[in-house]
**Student:** 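Right, I'll just put the structure down here and ask away after.
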Amino acid sequence: MPIAYIQDIAKHEGQDVTIRGWLHNRRSSGKIHFLVVRDGTGFIQAVMSKASVGDETFQKADHLGQESAIIVRGQARADARAPGGYEIEVGDLQVVSEARDYPISPKEHGVEYLLDRRHLWIRSQRQHAILRVRHEVVNAVRDFFNREGFVLADAPIFTPSACEGTTTLFPVQYFEDDTAYLTQSGQLYNEATALALGRVYCFGPTFRAEKSKTRRHLTEFWMVEPEMAYATLDDVMRLAEKLVVSVVARVLEARQPELRALERDLSRLELVQAPFPRITYDDAIERLRAAGQPVEWGGDFGGTDETVLSGLFDRPVMVHRFPAAVKAFYMKPDPERPEVALGVDLLAPEGYGEIVGGGERLADYDLLLERVKAHDLPPSTFEWYLDLRRWGSVPHGGFGMGIERVVAWLCGLEHVRETIPFPRMLYRLAP
RNA sequence: UCCUCAGUAGCUCAAUGGUAGAGCAUCCGGCUGUUAACCGGAGGGUUGCUGGUUCGAGUCCAGCCUGAGGAGCCA
């Protein structure tokens with residue numbers, strides 16, 4: 001009897017198959033059991049009638065607890081009454097291990113309770129759908145860059161100091177005498193690998209010790225960061241647009257059952273087509289004021305500002321040329337207007353905020369050295385970074401895209417904590 | 001770090017300052033098409049902690065602890 005995965009059950013219609021999984025839920029009607037089985041690939045209803053399996057097998061299922069490991073054998077068939085459209089007519093049931101008093105019932109639970117049991121929570125249907133969308137996003141990103149000719153060149157996780165002086169870093173003891181910091185961006189290293197390999201990307205975990213306590217923040221999150229030699233701000237914006245369009249299309253194509261399980265409004269995602277509107281920071285300020293937001297020129301946008309701004313468009317919007325003072329030291333100033341930097345933020349629709357941030361880098365040695373000093377950064381630590389401007393400096397740029405925020409947007413989630421198997425937050429380090 | 005809100009049965013939540021309750025889960029029983037199944041029964045409580053006000057505190061007051069949402073900062 002072939003072993004079947006639930007996601008492929010349609011291919012086995014009419015056949016006898018073996019499903020190896022866990023009991024997700026059970027309903028019973030005296031002489032008929034409905035066992036909802038999950039096997040990691042999906043969920044399916046297995047129907048067991050007393051008349052066809054006999055008393056002994058039927059009784060085995062009588063008191064079986066949620067999340068008991070079971071192997072069911074039976075015929076796969078289409079049935080409109082079954083959730084998912086297919087069910088298994090059980091011929092035999094094998095109990096691999098019996099579970100009792102599983103703590104997560106099909107009823108509602110609070111956030112703290114579920115997060116304390118995240119190792120079990122991920123078995124639920126909703127988390128199953130979200131994590132599969134995440135998987136698709138990650139693969140879509142990798143496929144995109146590989147197809148476009150980018151070289152994966154990962155940046156180190158241990159770094160000697162801040163990439164951008166402003167954000168707080170996690171220090172770690174590095175052997176006896178040294179302190180290392182967990183990376184908050186691979187970007188500076190990307191600039192080096194881009195000048196070596198042309199177009200590169202890194203993709204890994206990133207750490208921010210900010211005491212942020214909002215639905216958009218994790219202390220450990222995944223970021224993909226492409227960097228291109230011989231590239232301008234316009235090239236960076238084109239790349240970000242193409243990437244986001246590609247990822248959304250891929251998820252819409254490959255993960256529709258999951259998006260539907262999450263009750264996502266697909267029509268909003270289908271609108272994500274190029275070109276994305278590109279507006280300047282100045283323009284954004286004007287639009288925000290027109291919408292009644294009290295904003296001053298020179299400041300960064302708050303969460304509400306981003307929501308209001310993205311609400312003005314039906315697709316992601318790119319805001320470029322921010323005041324140089326609020327941006328990182330390595331941002332290139334606009335030659336025509338030095339008070340603004342050639343940076344860009346891409347805001348997701350529906351209030352999901354900034355999912356991409358990047359721009360053109362400062363390629364001039366003298367100006368960069370000046371900036372390093374002005375930001376009170378130790379020039380010795382940045383010696384190697386300055387070297388990139390001494391030998392073969394060219395216009396270059398790139399961006400970072402936060403995976404969890406993209407997944408939260410695509411899934412329509414309230415909080416990024418559900419987009420990663422084990423979220424790390426201000427007050428959450430376990431399990 | 002700051003602001004707001006919350007903490008009562010295993011879970012989700014009720015309870016005018018006056019006998020601490022329901023649904024789900026668990027256990028027992030019933031039911032051959034359930035859809036978070038349903039119906040009947042049972043067990044289950046140091047009301048986050050410490051102190052105060054009161055004849056009497058889950059309820060009012062103070063402090064603390066834990067969590068959630070938000071601000072700042074960011075992807």
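The figures that follow rest on heavy atoms only: side chains count, while hydrogens, waters and symmetry mates do not. Here the structure is a predicted model, which means the values were calculated and not measured. So you know, we letter chains A, B, ... as the sequences are listed, proteins then strands, and number each from 1.
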**Student:** For A:Gly110, answer base if it contacts any base atom (sugar-phosphate contacts may also be present), sugar-phosphate if it contacts only those atoms, and nothing otherwise; contact means non-hydrogen atoms under 4.0 Å.
**Tutor:** sugar-phosphate
**Student:** Would you verify whether the NZ or CZ of A:Arg100 falls within 45 degrees of the ring axis of A:Tyr102 while also being under 6.0 Å from that six-membered ring's centre?
**Tutor:** no
**Student:** Under 4.0 Å, heavy atoms only, any strand: does A:Lys213 hit a base, just the sugar-phosphate, or nothing?
**Tutor:** base
**Student:** Classify the nucleic acid contact of A:Val356 as base, sugar-phosphate or nothing, counting any heavy atom under 4.0 Å across all strands shown.
**Tutor:** sugar-phosphate
**Student:** Using atom C1' in both nucleotides, what's the gap between B:C60 and B:U16 to the nearest angstrom?
**Tutor:** 13 Å
**Student:** Is the NZ or CZ atom of A:Arg315 positioned over A:Phe276's six-membered ring, under 6.0 angstrom from the centre and within 45° of the axis?
**Tutor:** no
**Student:** From the list B:C31, B:G33, B:A68, which nucleotide is the closest neighbour of the side chain of A:Ser28?
**Tutor:** B:C31
**Student:** Mark yes or no: A:Arg118 above the aromatic ring of A:Trp121, with NZ or CZ under 6.0 Å from the six-membered ring centre and no more than 45 degrees from the axis.
**Tutor:** yes
**Student:** Hey, which of A:Val95, A:Val36, A:Ile70 is the one that makes side chain to side chain contact (heavy atoms under 4.5 Å, CB included) with A:Leu23?
**Tutor:** A:Ile70
**Student:** B:U66, B:C74, B:C27: which one has an atom nearest the side-chain heavy atoms of A:Glu112?
**Tutor:** B:U66
**Student:** Donor-acceptor pair under 3.5 Å: do we get one between A:Glu414's side chain and the base of B:G69?
**Tutor:** no
**Student:** Output the single nucleotide from B:G33, B:C11, B:C74 whose closest atom is nearest the side chain of A:Tyr113.
**Tutor:** B:C11
